[in-house]
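A short write-up of the structure that comes next.
These values consider heavy atoms only, across backbone and side chains, with no hydrogens, waters or symmetry-generated copies.
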Amino acid sequence: MKTFLVGGGVRDKLLNIKVVDRDWVVVAASEDDMLKMGYIPVSGAFPVFLHPQTGEEYALARRELKTGPGYHGFSVETGPQVTLEEDLARRDLTINAMAEDEQGNIIDPFGGREDLENGILRHVTHAFTEDPVRLLRIARFSARFGRWGFRVAHSTHALMKKMVASGELQHLKGPRVWQEMRKALMEKQPWRFFEVLHACGALAQLFPALATAMSEAARHGKTGDSPPVAALKRAVAQDLDLRERFVCVMQYAVDAGHSARQLLAWLGVEKKTAALLTDWQQARKPLAQLPDGKAADYYRYLRQFRTSLPALNRLIPVCLPELAETLLPRLEKAATALAAVDVGQLQAEGWQGKALGEEIARRQQLAIERQLGEPDES
């Protein structure tokens, strides 16, 4: 029995970046062998075990055979007869198909180290086309490693276009797409995830309205970044969080005709993320009117979106940069004025019930009006 460090652990070690997760492959062993040594089985279709001391994952070397459509359409064979090279051959990219033995020697049957040095994202074998998730993964790795100049190999790009044409993407489920997208959105260059999918035609199948938005500028002969890409670059510069970055790009899909409700339901995004996209879509129209708005307009906006105001304020300079310089200071003043109205004092004055609510609203709007009427000291 032999144990090898495989995949991302080897890749990141060679890139001299922090290894977060280490995965291991065990060759020339059976499930019974693993159990006898105290390894803890992980529930699921594949023979994966947890190390009894470290808790790291150890998988038996395996072969895969395509038996049906989608990323679940595989049969798996394991056992002492399966070799390390056979296990590595089933992986997606050459840079993820390297192993390291217990002496520190690199096993690289598919040229992953050379591709790593040259910044190439290349498929291992033609079996790459059998799993539609690999399209998402190569797009995610483009987002992760794009800052170092990594690019998709021409031959791999051709295979990706073939996969799109074959209809294999129809078997992708929304939550699986979201799983890869959410990782890509938090990389240093998240826009590359969408650019790679767009270039091979996958984006047009997964998010047709977003693909339309990304192509709009080119159709009018404009150069430079498409609006979704430009927004994501600003989002990274402003260090926005995951749900805010999601809103920055997906607002364009909704604007181009994609139903927000259907989009959110298909992806299965978390409730807070879904709520922020909904709030942002509703907030943009009043936000555009606020620079010339009255106190009552600021009051209604602050009351309607009070739970999501911090996130909306962070989205304004990214998604509405032309308004940010004048609008954000006024919003801050209005919010300060609204919060300064002392409800307890009004109750002490004898206000109660419906009359109390009306008086709070009147005084808050009056406070906002006075605050916005003061000269901007900044």
Side-chain angles (χ1 to χ4, degrees), residues 135-147 169 172 174-219 222 224-285 287 308 311-324:
L135 273 177
L136 303 174
R137 283 176 56 82
I138 196 169
R140 175 164 64 82
F141 282 120
S142 296
R144 183 177 183 188
F145 296 128
R147 57 181 167 148
L169 268 66
L172 277 174
R176 191 66 180 87
V177 176
W178 174 232
Q179 183 179 338
E180 295 296 326
M181 187 196 301
R182 64 179 295 149
K183 294 176 183 177
L185 282 171
M186 294 312 296
E187 297 292 358
K188 298 292 186 181
Q189 295 188 347
W191 55 88
R192 293 193 180 278
F193 176 82
F194 300 97
E195 288 179 333
V196 167
L197 294 179
H198 188 41
C200 70
L203 197 66
Q205 289 194 16
L206 297 173
F207 305 103
L210 181 59
T212 298
M214 291 189 67
S215 300
E216 194 65 30
R219 280 199 295 269
K222 297 180 181 178
D225 296 326
S226 66
V229 169
L232 272 177
K233 288 184 176 182
R234 292 192 295 268
V236 171
Q238 294 292 325
D239 197 26
L240 297 194
D241 64 21
L242 171 64
R243 63 192 188 118
E244 293 159 0
R245 294 185 186 195
F246 174 78
V247 169
C248 284
V249 65
M250 284 303 163
Q251 65 172 333
Y252 293 99
V254 177
D255 289 349
H258 204 134
S259 163
R261 181 177 297 179
Q262 291 178 358
L263 173 68
L264 295 168
W266 182 68
L267 288 173
V269 301
E270 299 80 1
K271 288 183 178 180
K272 287 186 176 180
T273 303
L276 183 59
L277 178 61
T278 301
D279 279 356
W280 179 249
Q281 290 302 114
Q282 294 175 352
R284 283 193 297 167
K285 184 176 180 180
L287 278 171
S308 54
L312 295 181
N313 284 346
R314 288 191 291 271
L315 285 170
I316 289 172
V318 173
C319 300
L320 298 172
E322 69 279 3
L323 297 179

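Here the closest non-hydrogen pair linking L169 and A202 is CD2-CB, 3.5 Å. Taking every heavy atom of both residues into account, G257 and A209 meet most closely at N-CB, 4.3 Å. Considering all non-hydrogen atoms of both residues, C319 and P321 come closest at C-CD, 3.3 Å. Considering all non-hydrogen atoms of both residues, E187 and R245 come closest at O-NH1, 3.3 Å. For the pair A143 and F193, the tightest heavy-atom approach, listed with the atom from each and the gap, is CB-N, 4.0 Å. The shortest heavy-atom contact between P228 and V249 is CB-CG2, 4.1 Å.
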Please test L315 against L240 for side chain to side chain contact (heavy atoms under 4.5 Å, CB included), starting from the C-alpha separation and ending with a verdict. CA-CA 8 Å; L315 285 170; L240 297 194; 4.1 Å; yes

Intermediate values then yes/no, side chain to side chain contact (heavy atoms under 4.5 Å, CB included), T273 and L264: CA-CA 9 Å; T273 303; L264 295 168; 5.7 Å; no

Run L172 and L135 through side chain to side chain contact (heavy atoms under 4.5 Å, CB included) and show every step you take. CA-CA 11 Å; L172 277 174; L135 273 177; over 6 Å; no

The test is side chain to side chain contact (heavy atoms under 4.5 Å, CB included); show your working for V236 and Q189 and say whether it passes. CA-CA 8 Å; V236 171; Q189 295 188 347; over 6 Å; no

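When each of K183, M181, Q179 is paired with R140, the side chain to side chain contact (heavy atoms under 4.5 Å, CB included) condition holds for K183 and for no other. Between L312 and the options V247, L276, L287, a side chain to side chain contact (heavy atoms under 4.5 Å, CB included) holds for only L276.
In this structure, CG in D239 is found 10.0 Å from CZ in R314, a value given to the nearest 0.5 Å. The structure places NE2 of H198 at 5.5 Å from CE of M214, a figure rounded to the nearest 0.5 Å. Atom OG1 of T212 sits about 15.0 Å away from atom OH of Y252, to the nearest 0.5 Å. With rounding to the nearest 0.5 Å, the separation of CG in L263 from CE in M250 is 5.5 Å. Interatomic distance, CZ of R147 versus CZ of R192, reported as 12.0 Å (0.5 Å rounding). In this structure, R243 CZ and S308 OG are separated by 8.0 Å, a value rounded to the nearest 0.5 Å.
Ring centroid separation for the pair W280 and F246 does not come in under the 6.0 Å cut-off.
Under a 4.0 Å N-O distance rule, the pair R284/D255 qualifies as a salt bridge.
In this structure a side-chain-to-backbone donor-acceptor pair under 3.5 Å is present from Q251 to C248.
Residues L136 and L197 meet the side-chain proximity criterion, which asks for heavy atoms closer than 4.5 Å. Between V196 and L203 the shortest side-chain heavy-atom distance does not fall below 4.5 Å. Inter-residue side-chain proximity for W191 and D225 is flagged as unmet; no heavy-atom pair is nearer than 4.5 Å.
Below 30°, between 30° and 60°, or above 60°: for F207 and H258 the angle between ring planes is between 30° and 60°, a tilted geometry.
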